[in-house]
Amino acid sequence: MKAVTFQGAKDIQVKQVEDPTLQKNDDIIVRITSTAICGSDLHIYQGALPTHPGYVIGHEPMGIVEEVGPEVTKVKKGDRVVLPFNISCGQCYYCQHDMESQCDNSNPNKEIADTGGYFGFTERYGNHPGGQAELLRVPFGNFMPFVIPESCELEDEALLFMSDVLPTAYWSVENSGVKQGDTVVVLGCGPVGLMTQKFAWMKGAKRVIAVDNLPYRLNHAKKMNNVETINFGKYDDTGSYIKQITEGGADVVIDCVGMDGKKSVIEAVEQKLKLQGGTISAIKIALNAVRKFGTIQLTGVYGSMYNMFPLGNIFERNVTLKMGQAPVIHYMPMLFDKITSGEFDPTEIITHKLPIDAASDAYKIFNDHEDEVIKVVLKP
């Protein structure tokens, strides 16, 4: 089959690889009809998240069930399914309590990371081959797949983002505690940031402010979500400016940028030397922008080690800090209902649809912010 493979830093190639096979009795094989490139995939592309050459990447897939193991009862051949990026067993404490992103049985690599496992996200997170491919082996076939009813005639693009973008954004708003009348600042106007802005309005926020430094992304946010926009490149201290215009700070700041924020020269060098997980520039903006007793939600991905983390000021101002990988599976039915009832349109974030053969160019376009890219969907 064809698959998108990592061959080295900024070297993504579509290669012929072996077809996946059933390995356990509750596995399924899915023929992928649509998949997408996520900002998290760029950490692999850039070499910041190490893996071996030939590794198949991608964690936002959907498709048609091709084969099922003998113990699978939830799906049958021919079912159309969306697959969450979390690998989740459905049986452990975390899966049973709506914390599927930290499944106890999905990541065998316990010596390095006592975390859950994810599709296409390197050996650190379970060494599960990814979904940017023609076929995908899916473990835990009685828990993982979300089956799209045969009566649903929506195109893939309207449903694909239930795999990651939509539950990540929705969980970010819910986990941060956004409530009626809150002022919410969203750092980043990529796909997750855009949907986070939309969901903040839907939760009852009275004011939503979007922050980015790319004018085309700020324009997309304004058009799609009718938010206030701030270009952080125009201010020496964006956080303090936000505190000023909100008269004391935002109730909630949601960071959808993470380690990919604008790096100082020192941070860039330290990251190359593995002394720093990436920049904390977004965290600094968040801390200055949030009010006392406010909440900062870190949704953008961060690396392992950070210097000069402003823990003392977070503590002394009674700021609540929340973070993590979003659990996905238990949000999928609710999001499906909202999509099919027309409460929002996920396709608003799509700017590029390309064949899987164009993946190498697609990664460069996405990484370099070319052609006003927001979200790339690949079609195997």
Side-chain angles (χ1 to χ4, degrees), residues 9-10 37-50 113 121-122 124-125 168 172 176 185-194 196 209-218 221 229-243 249-250 252-290 294-315 317 319 321-326 363-364 366-369 373-374:
K10 295 190 176 180
I37 302 176
C38 177
S40 300
D41 293 329
L42 296 182
H43 303 148
I44 302 173
Y45 174 77
Q46 295 162 356
L49 190 59
F121 218 55
T122 78
R124 181 177 180 88
Y125 299 105
T168 293
S172 297
S176 66
V185 172
V186 179
L187 305 182
C189 294
V192 172
L194 289 168
T196 298
I209 301 170
V211 181
D212 206 296
N213 70 332
L214 296 173
Y216 81 86
R217 299 211 312 182
L218 290 166
T229 58
I230 294 175
N231 186 330
F232 72 77
K234 295 183 177 181
Y235 300 92
D236 292 332
D237 188 339
T238 303
S240 294
Y241 173 70
I242 293 171
K243 182 174 288 183
V252 175
V253 180
I254 303 177
D255 169 15
C256 298
V257 179
M259 62 191 278
D260 294 324
K262 187 175 181 180
K263 299 180 182 70
S264 68
V265 174
I266 292 175
E267 286 175 328
V269 171
E270 288 181 334
Q271 187 174 19
K272 290 287 186 184
L273 295 174
K274 309 298 184 186
L275 300 175
Q276 178 90 332
T279 184
I280 58 170
S281 59
I283 294 175
K284 291 177 179 177
I285 292 174
L287 182 57
N288 288 341
V290 74
T295 297
I296 297 172
Q297 163 75 31
L298 305 182
T299 297
V301 175
Y302 281 92
S304 56
M305 301 293 291
Y306 288 87
N307 302 316
M308 303 300 290
F309 187 82
L311 180 60
N313 196 235
I314 293 172
F315 173 83
R317 295 178 60 234
V319 171
L321 185 61
K322 295 186 174 184
M323 67 193 79
Q325 293 278 12
Y363 266 87
K364 183 179 185 303
F366 192 43
N367 183 75
D368 296 346
H369 303 294
V373 65
I374 299 288

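Y241 places none of its side-chain heavy atoms less than 4.5 Å from the side chain of N288. In this structure, the side chains of Y235 and I242 stay at 4.5 Å or more apart for every pair of heavy atoms. For the pair Y306/I283, no side-chain contact is recorded, criterion being any heavy-atom separation below 4.5 Å from C-beta on. Looking at C189 and L214, their side chains never come closer than 4.5 Å, going by heavy atoms from C-beta outward. Within the 4.5 Å cutoff, the side chain of F309 has heavy atoms near those of the I314 side chain. Contact check for V192 versus T299: side-chain heavy atoms found under the 4.5 Å cut-off.
Nearest heavy-atom pair, P215 versus N231, reported as atom, atom and distance to 0.1 Å: CG-ND2, 4.3 Å. Shown here for D237 and S240, the closest heavy-atom pair between the two residues is OD2-OG, 2.7 Å. Residue V301 comes nearest to H43 through the heavy atom pair CB-CE1, 3.5 Å, listed as atom of the first residue, atom of the second, then distance. What you find for I374 and P191 is that their closest heavy atoms are O-CG, 3.3 Å.
Among residues two or more places apart in sequence or in another chain, the side chain to side chain donor-acceptor pair (under 3.5 Å) test is passed with D368 by K364. In this structure, D255 has no salt bridge (charged side-chain N to carboxylate O under 4.0 Å, His left out) partners at least two apart in sequence or on a different chain.
For the atom pair CG (L218) and CD1 (I230), the distance works out to 9.5 Å, reported to the nearest 0.5 Å. Rounded to the nearest 0.5 angstrom, Y302 OH and I280 CD1 are separated by 8.0 Å. Distance CZ/R217 to CG/D212: 4.0 Å, rounded to 0.5 Å. Remark: K10 NZ to Y363 OH distance equals 14.0 Å, nearest 0.5 Å. With values rounded to the nearest 0.5 angstrom, I254 atom CD1 is found 3.5 Å from S176 atom OG. For the atom pair CD1 (I296) and CD1 (I285), the distance works out to 11.0 Å, reported to the nearest 0.5 Å.
Under a 3.5 Å cut-off, the side chain of R124 and the backbone N or O of L49 do not form any donor-acceptor pair.
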